[in-house]
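The structure appears right after this line, and notes come after that.
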Amino acid sequence: MDDPDSAARDDAGHNNHALLRELTAPQCDAVQHVDGPMLILAGPGSGKTRVVTHRIAYLLSQGIPDWQIAALTFTNKAADEMRLRLDKLAPGQNVWMGTFHRFCAQLLRRYASMVGLQENYSIYDTSDSKQAMKRAIEAAGVSTTHASPDQIAGVISKAKNKLVTPEVMQGQMLSPKETVAAKVYPVYQRQLLTANAVDFDDLLLHVANLLRHNPELRGELDQRFRYILVDEYQDTNLAQYAIVRALSIDHPNLSVTGDPDQSIYGWRGADLNNILDFEKDYPAVKTVRLEQNYRSTPNVLRVADQLIRHNRRRKQKDLFTDNDEGEPVILRWYENGYEEADSIADEIVAAIASDRARPNDFAIFCRMNSLTRSLEHALRGRGVPYQIVNGVEFYQRKEIKDVLAYLHLVNNPGHDVALSRVINTPTRGIGAKTVQRLQEFADRHNVPMLEAARRAEEIESLAKRSVTMVQKFVAIYDRIAARATAPLEELMRFVVQESQYDKYLEKTSDESDDSSPLGNVDELISAAVDFDRRHPDDGSLEAFLEQVALVSDTDAFEENDQRVTLMTLHASKGLEFPRVFIVGVEDDLLPHKRSKEDDAQFEEERRLLFVGITRAKEWLQLSCCKRRMIRGDTRPVIPSPFLNELPLEEMKRIESAVERNFFDSHIDQSGSGDWDLPAIQIGDDAQADVSFDFGANQDVNQDINQDDGFEPSDEPSRQTKESTAAFEAVADEPAAATSASDSIPDIGKLKTAADLMSAKRPPLSAFREGTTVRHFDYGEGTILAVSGLGPKRMARVRFADGEHNFRLAFAKLEVVG
DNA sequence: CATAGCGTGTTTCTC
DNA sequence: ACACGCTATG
């Protein structure tokens, strides 16, 4: 730190000293900054969260009351992490922490009436607003031949992020698409207001407007939130900027943290200028650069640095680290996507088998979600536990959305999207035509659709039979709504029963399909119960629905689970893993095809790879294929141009990925380079017609025979044997997770991957309703119910001293008998 | 009004 | 390949 004595300059000296003890000079500098704007440029792995949490603790130690501080993050997960860490430094403090959207949602609850809403307003999620958008397009009477609903929604969303109102938008010079969108925009907004609803963008927009048009309130809130900290500032959009700026006029104690090199959300309105120009906006700003990396090896860091240097629009940072050199970064190319997936899965199995790593040490990143499929398949086939962040999202499932829609309608009778969803679910003889007529009536009278349904008799165009059906639905609704204030669990069970949704699900779900909608509904109910327990004070329906709306499945990522993590590069931001694979580093994929038109997007793709690389702590492999199946057909592939920007001479380059120690332990170790490809090889026609220019002097076979890169020269022969053993052990029990075999594999001898994974626990299918199980802590119990699938499969078990829920894939449960 | 079968369009995804 | 949305049919 610049001034070693500064810590002692006040009474809280002791306290401060403890806070500052383990920090570097620039970190101390940032932590001790109290008043005035501050910009923290924090490279990857530079202890950013640490600095932010320590600074908050420091502010508190200076006597600043907790309620004057607000920390805004980009994701819930980041907020949770921060809260956890602050709690260790300053237990029991009540600093506001959360996402921008949650922050705005809460302000809006209070000041709803000032923007024309009621306090029980609903938050439309993406699919809700898409539905609403379609209706608005219809009502606006515009043609969708030149702009799809999605495109229109995109234009409007961008406009909102830039604080452009419908009136302003219509006055602008517009492209044909934007012209269409500009016509829909005011209609859409009016319908939202009628429905007493907002979309995600509105949360920010309304608050920004609120602050802009109500100087008195703005001043009040500026006073209230005197210290504002913003994380991931490079990903903020104009609306978010306007909000924090408005709250930092009288008390400009705004401190933002970010890294322009990690800005990867430009495509959805994030404005890199917010961070690049921060110093212009606040001339008195204190800028702190955190350039020391605590996460990665120099090998990883050099690769990342070389890459990102190729970007023009950036602030140069000099990343450095004191960490050990580590292993060289691997650049590997495979014949095709299957080989890539199989090889990676094999390596993971081998590493786990020989105790060099555990499943949760590994992460596999890719550009597109669809690329996780083959990896998923390969991992599952070997019994490796994995989690996909952002696979099929729980809250997006039909049955979940249906049940939630009933609840939404109870909470906000204006929720037209919810009404449209449930009015005929289960089917009640209310068809599309009837719904449309209700809609028209609602639009004409500017009332919610439920109101239209109540007045069904007034709608002449409605058949008598339809009127009766609609009235029946209204009656069902009223019975449910009468219980609005009951505990969540009771309410939800009543909904499912009263609406006959339970019967509907039983009837619809076929046995062959292994998804279990009813189980998912159960899981939703237990989520509600959980919420009730955790928020006994504000455990209202409204709070639960808000929570659900503002929570994403990315937040469900659990780093402590013993599982390999699969995710997109975007989702990887903010995380770190000991061992990282980045797959599909290929032209048109990693610089994505659609990003090549302009420089800004191209640079964003480079940042995306940079983010991925810098997640790795000790080991990293980038890979690409010679051919890859995309949308059904296999095509030759050109390696990513980014690969040529890396320090290839210091990386370890490996061609072909056949795990010879796995399949062909008989092959000699001389490395003739002439591969006898085992049966697993798919569609190989050896001579690739694509040239791979990875720089000069590549000696691709040289490295292959030594090891697989986890630990150089560590008794390769033993590893080979164990790997094989692991493979066989797994192969003997294929797809253990889904096997019908109820026998518990012999766990006495094997100390392998199979031990860690499949062999250790019975197949999930062994756990059924009524099964007697034993738990290490709770003793014997009986399974009451099972729900969910794969790694998410849950069981509710009754023990002597109460009931517990378990994730079957990981719980320490044994089948008794 | 419900459903099966066809045609279309596919990045990234937070809240 | 696959999922989703629309349309023709029962």
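Below, chains carry the letters A, B, ... as their sequence lines are ordered, and counting in each starts from 1.
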Here the distance between atom P of dT12(B) and atom CG of Leu371(A), to the nearest Å, is 9 Å

Closest to the side chain of Lys433(A), out of dT12(B), dT14(B), dC1(B), is dC1(B)

Residues passing the ring-ring contact (aromatic ring centres under 6.0 Å, His included) test with Tyr188(A), sequence neighbours excluded, are none

Per atom distances to the Asn76(A) side chain, the nearest of dT14(B), dC15(B), dC6(C) is dC15(B)

Glu232(A) CD to dT14(B) P, in whole Å, measures 13 Å

Run the ring-centre check on His592(A) versus Trp267(A) and record whether the distance is less than 6.0 Å.
no

Check your understanding: Would you say dC1(B) has OP1 or OP2 under 4.0 Å from some side-chain N or O of Thr434(A)?
Key -> yes

Practice problem: May I ask you to check whether Phe642(A) and Phe602(A) place their ring centers less than 6.0 Å from one another? | Solution: yes

Against the side chain of His592(A), the closest entry in dT11(B), dC15(B), dT12(B) is dT11(B)

Against the side chain of His570(A), the closest entry in dT12(B), dT14(B), dC15(B) is dT12(B)

State, without any angle test, whether Thr236(A) and Asn274(A) hold a side-chain donor-acceptor pair at a distance under 3.5 Å.
-> yes

Assign each of Asp201(A) and Ser595(A) the nucleotide of DNA chain B bearing its closest heavy atom; nearer the 5' end lies the nucleotide of Ser595(A)

Taken to the nearest whole Å, CZ/Arg628(A) to P/dA1(C) is 16 Å

From CG of Leu575(A) across to C1' of dC13(B) the rounded distance in Å is 15 Å

The nucleotide from dC13(B), dT10(B), dC15(B) with an atom nearest the side chain of Arg594(A) is dT10(B)

Tightest non-hydrogen contact, residues Tyr501(A) and Pro426(A), listed as CD1-CD, 4.0 Å

From NZ of Lys130(A) across to C1' of dC6(C) the rounded distance in Å is 13 Å

### Task
Decide whether Asp202(A) and Gln189(A) meet the rule of one side-chain donor and one side-chain acceptor closer than 3.5 Å.
yes

Winner on side-chain proximity to Tyr265(A), out of dT12(B), dC15(B), dC13(B), is dC13(B)

Rounded to whole Å, the CD-P distance (Gln131(A) to dC4(C)) equals 13 Å

message = Base, sugar-phosphate or nothing for Leu569(A)? Non-hydrogen atoms, less than 4.0 Å.
response = nothing

Has Trp267(A) got its ring stacked on dT12(B), by the test of a centre gap below 5.5 Å and a plane angle below 30°?
yes

Against the side chain of Asn369(A), the closest entry in dC13(B), dC15(B), dA2(B) is dC13(B)

- Task: Please confirm whether any donor atom in the side chain of Thr75(A) sits under 3.5 Å from an acceptor in the base of dC15(B), or the reverse.
- Result: no

When rounded to whole Å, the NZ to C1' distance for the pair Lys158(A) and dC13(B) reads 13 Å

Per atom distances to the Ser466(A) side chain, the nearest of dC1(B), dT11(B), dC15(B) is dC1(B)

Of Arg465(A) and Glu604(A), the one whose nearest nucleotide on DNA chain B sits closer to the 5' end is Arg465(A)

Could you measure between the two P atoms, the one in dC13(B) and the one in dC4(C), and give it in whole Å? 16 Å

- Does Asn424(A) place a side-chain N or O at less than 4.0 Å from the phosphate oxygens OP1/OP2 of dA2(B)? yes

Counting the atoms with a prime plus P, OP1 and OP2 as sugar-phosphate, which does Thr427(A) contact under 4.0 Å by heavy atoms, base, sugar-phosphate, or nothing?
sugar-phosphate

To the nearest angstrom, the CD-P distance between Gln601(A) and dT11(B) comes to 13 Å

